Amino acid sequence: MRVVLIGASGHIGTYLVPRLVDAGHDVVTVSRGKREPYSPHGSWRQVTTVTADRKAEEADGTFGRRIAELEADAVIDLICFRESSARQLVTALTGRVRHFLHCGTIWVHGPSTRVPTTEDRPRRPIADYGRRKAAIEAYLLDRAHRDGFPATVIHPGHITGPGWVPVNPAGNLNPAVFQALADGAEVALPNLGMETVQHVHADDVARLFMAALDNPSVAVGAGFHSVATTALTLRGYAEAVASWFGQEARLTYLPWEQWRDTVSEEDARVTYDHIAHSPHCSMEKAERLLGHRPRHTSLEAVAEAVDRLIAAGVIAR
């Protein structure tokens with residue numbers, strides 16, 4: 001099968017490209033060409049690379065046509081963030097592809113209410129990113145059910161893996177939190193540390209895209225979560241990380257209004273986004289319909305990322 005992958009050099013593409021090549025697909029990657037995959041793999045030498053500035057080409061109305069002219073059987077779009085972008089692609093690809101797979105986000109749900117959250121729960125996003133992704137999902141699945149456009153949506157959680165800093169036990173991206181836990185230093189958490197985060201290893205996301213690609217009869221017209229099978233409380237996460245370094249977590253707790261004053265404005269913003277959502281999503285649907293079960297727990301996924309950060313000297317033992 002000829003597969004076009006848009007946004008191939010990011011977190012998911014790092015693992016998805018080798019899996020597509022190993023499965024025997026003819027792979028075409030489309031990106032700006034400004035970044036290498038996070039982990040090298042020989043399969044990248046077997047793909048056709050197309051360099052494109054999506055933003056500029058969408059502005060002049062040529063991006064959809066460029067993708068259509070690649071004559072793919074399947075298109076996987078990992079970097080679509082606006083409904084107008086999705087509409088341009090769908091218009092160009094209607095009648096020309098057998099499967100179109102879009103990368104969404106679990107933030108289409110908004111805050112967790114009844115957990116674990118299943119894919120059929122009402123969409124009540126609370127942030128701009130989640131609202132835009134929910135609009136894309138609604139458009140794609142409407143086209144699938146109304147017009148037969150072969151769309152599938154995959155909703156990852158907090159994507160994690162070697163090569164970048166994972167969401168930490170304080171709910172932000174500051175590696176200093178990992179360092180403090182490694183050192184046995186005191187770490188303050190917001191509120192009582194009972195809000196949740198739900199990581200997913202980037203390779204497990206890639207595996208779910210493969211499972212959907214291999215099972216279009218059940219995947220088309222549907223959306224699927226892609227997360228580890230359980231969520232972590234901030235407190236439990238911090239305790240686990242400290243134990244990796246032979247430490248017992250020294251945790252204190254502050255009400256949100258006080259805690260946010262102890263960190264930078266950016267760290268506070270990112271933490272608030274995570275604890276306001278406190279995701280805990282179900283993976284039952286993907287296992288039941290696609291036979292997919294994540295291979296990594298949240299802590300296993302984070303541990304791989306932290307090991308890479310130690311090797312790079314970002315975190316010191």
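What you see is a predicted model, and the numbers here were worked out from it, not measured in a lab.
Side-chain N or O atoms of Gln258 include none that pairs as donor or acceptor with a backbone N or O of Pro255 at under 3.5 Å. One N or O on the side chain of Gln198 and one on the backbone of Ala228 form a donor-acceptor pair closer than 3.5 Å. Under a 3.5 Å cut-off, the side chain of Thr91 and the backbone N or O of Gln88 do not form any donor-acceptor pair. In terms of modelled atom types and a separation under 3.5 Å, the side chain of Asp204 and the main chain of His296 share a donor-acceptor contact. Between the Ser31 side chain and the Ala8 main chain, no donor and acceptor come within less than 3.5 Å of each other. A donor-acceptor pair is defined here as one N or O able to donate and one able to accept, closer than 3.5 Å; such a pair exists between the side chain of Ser112 and the backbone of His280.
Using a 4.5 Å heavy-atom cutoff, the side chains of Val75 and Ile67 are in contact. Looking at heavy atoms from C-beta onward, Tyr237 lies in side-chain contact with Leu299 at the 4.5 angstrom threshold. The shortest side-chain heavy-atom distance between Leu20 and Phe209 does not fall under the 4.5 Å cut-off. Side-chain contact between Ile136 and Ser85 is absent, with no heavy-atom pair separated by less than 4.5 Å. Cys103 has its side chain within reach of Ile12: a pair of non-hydrogen atoms, C-beta onward, lies under 4.5 Å apart. Counting heavy atoms from C-beta on, the side chains of Thr117 and Pro279 never come closer than 4.5 Å. Between His155 and Phe224, every side-chain heavy-atom pair lies at or beyond the 4.5 Å cut-off. Taking the side chain as every heavy atom from C-beta outward, Thr229 and Arg293 approach each other to under 4.5 Å.
Distance check: His201 NE2 to Ser298 OG gives 11.5 Å after rounding to the nearest 0.5 Å. To the nearest 0.5 Å, the span separating CD1 on Ile6 from CZ on Phe63 amounts to 4.5 Å. Rounding to the nearest 0.5 angstrom, the gap separating the CE atom in Met283 from the OG atom in Ser226 is 5.5 Å. Note that CD1 of Ile159 and NE2 of His199 are 11.5 Å apart. Values are rounded to the nearest 0.5 Å. With values rounded to the nearest 0.5 angstrom, Met210 atom CE is found 12.5 Å from Leu290 atom CG. Atom CD of residue Glu284 and atom CG of residue Leu289 lie 7.5 Å apart, to the nearest 0.5 angstrom.
For Glu71, the salt bridge (Lys or Arg N to Asp or Glu O under 4.0 Å) test picks out no residue, with sequence neighbours left out. Remark: Arg66 pairs with Glu57 by the salt bridge (Lys or Arg N to Asp or Glu O under 4.0 Å) rule, at least two apart or across chains. When the ring pair (Phe, Tyr, Trp, His ring centres under 6.0 Å) test is applied to His109, the partners found at least two apart in sequence or on another chain are His225. Here Arg54 pairs with Glu58, Asp77 under the salt bridge (Lys or Arg N to Asp or Glu O under 4.0 Å) rule; sequence neighbours left out. In this structure Arg2 satisfies the salt bridge (Lys or Arg N to Asp or Glu O under 4.0 Å) test together with Asp26, sequence neighbours excluded.
In plain terms, the two heavy atoms of Leu101 and Ala212 that are nearest each other are CD2-CB, 3.8 Å. When all heavy atoms of Tyr15 and Pro162 are compared, the pair lying nearest together is OH-CD, 3.3 Å. Smallest separation of non-hydrogen atoms from Ala301 and Thr160: O-CG2, 3.5 Å. For the pair His277 and Ala127, the tightest heavy-atom approach, listed with the atom from each and the gap, is CE1-CB, 4.4 Å. Scanning both residues, Gly221 and Thr152, for their nearest heavy atoms gives N-OG1, 4.5 Å. The heavy-atom pair separating Leu5 from Gly13 by the smallest distance is CD2-CA, 4.4 Å.
A continuous path of ILVMFWY side-chain contacts below 4.5 Å connects Val97 to Val30, so both sit in one hydrophobic cluster. Taking hydrophobic clusters as Ile, Leu, Val, Met, Phe, Trp and Tyr residues chained together by side-chain heavy-atom distances below 4.5 Å, Ile106 does not share a cluster with Ile126. Tracing side-chain contacts under 4.5 Å through hydrophobic residues (I, L, V, M, F, W, Y), one reaches Leu213 starting from Val47; they form part of the same cluster. Under the 4.5 Å side-chain heavy-atom criterion for ILVMFWY residues, a single connected hydrophobic cluster contains both Val187 and Ile275. Val108 and Val167 sit in two unconnected hydrophobic clusters of ILVMFWY residues. Membership requires side-chain heavy atoms under 4.5 Å apart, directly or through other members.
Checking each of Asn174, Asn168, Asn172 against Thr271 for a side chain to side chain donor-acceptor pair (under 3.5 Å) leaves exactly one that passes, namely Asn172.
Between Tyr139 and His102, the distance separating the two ring centers is not shorter than 6.0 angstrom.
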**Q.** Residue pair Thr118, Lys285: steps toward the side chain to side chain contact (heavy atoms under 4.5 Å, CB included) verdict
**A.** CA-CA 8 Å; Thr118 52; Lys285 182 179 180 181; over 6 Å; no

Q: Verify side chain to side chain contact (heavy atoms under 4.5 Å, CB included) between Asp128 and Arg131, making sure each step is shown before the conclusion.
A: CA-CA 5 Å; Asp128 181 60; Arg131 286 190 288 267; 4.2 Å; yes

Q: Would you check, one step at a time, whether the test side chain to side chain contact (heavy atoms under 4.5 Å, CB included) holds for Phe245 with Leu181?
A: CA-CA 8 Å; Phe245 297 92; Leu181 291 166; 5.6 Å; no

**Q.** Pair Glu304-Arg308, salt bridge (charged side-chain N to carboxylate O under 4.0 Å, His left out): steps then yes or no
**A.** CA-CA 6 Å; Glu304 278 196 29; Arg308 179 71 67 86; over 6 Å; no

(Q) Does His11 form a side chain to side chain contact (heavy atoms under 4.5 Å, CB included) with Leu78? I'd like the steps, not just the answer. (A) CA-CA 10 Å; His11 301 339; Leu78 300 178; over 6 Å; no

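Residue pairs meeting the salt bridge (Lys or Arg N to Asp or Glu O under 4.0 Å) criterion with at least one partner in residues 146-169, sequence neighbours excluded, are Asp142-Arg146, Arg143-Asp147. For residues 154-167, the set of pairs meeting the salt bridge (Lys or Arg N to Asp or Glu O under 4.0 Å) definition, not counting sequence neighbours, is empty. Judged as a salt bridge (Lys or Arg N to Asp or Glu O under 4.0 Å), the pairs with a partner in residues 113-123 (not counting sequence neighbours) are, in order, Arg123-Glu137. Sorted by first then second residue, the salt bridge (Lys or Arg N to Asp or Glu O under 4.0 Å) pairs that include residues 89-110, not counting sequence neighbours, are Asp73-Arg98. Sorted by first then second residue, the ring-ring contact (aromatic ring centres under 6.0 Å, His included) pairs that include residues 110-136, not counting sequence neighbours, number zero.
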Which pairs would a plain distance check flag for residues 310-317, meaning a side-chain donor or acceptor within less than 3.5 Å of a matching protein atom at least two apart in sequence or in another chain?
none

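In summary, Arg207 and Asp203 do not engage in a salt bridge, as defined by a charged side-chain N under 4.0 Å from a carboxylate O.
Ring planes of His274 and Trp107: perpendicular class, angle over 60° (limits at 30 and 60°).
The environment of Tyr253 atom OH is dense: over 12 non-hydrogen atoms of other residues, nucleotides or ligands sit within 6.0 angstrom.
Through direct or indirect side-chain contacts shorter than 4.5 Å among Ile, Leu, Val, Met, Phe, Trp and Tyr, Leu192 is connected to Met194.
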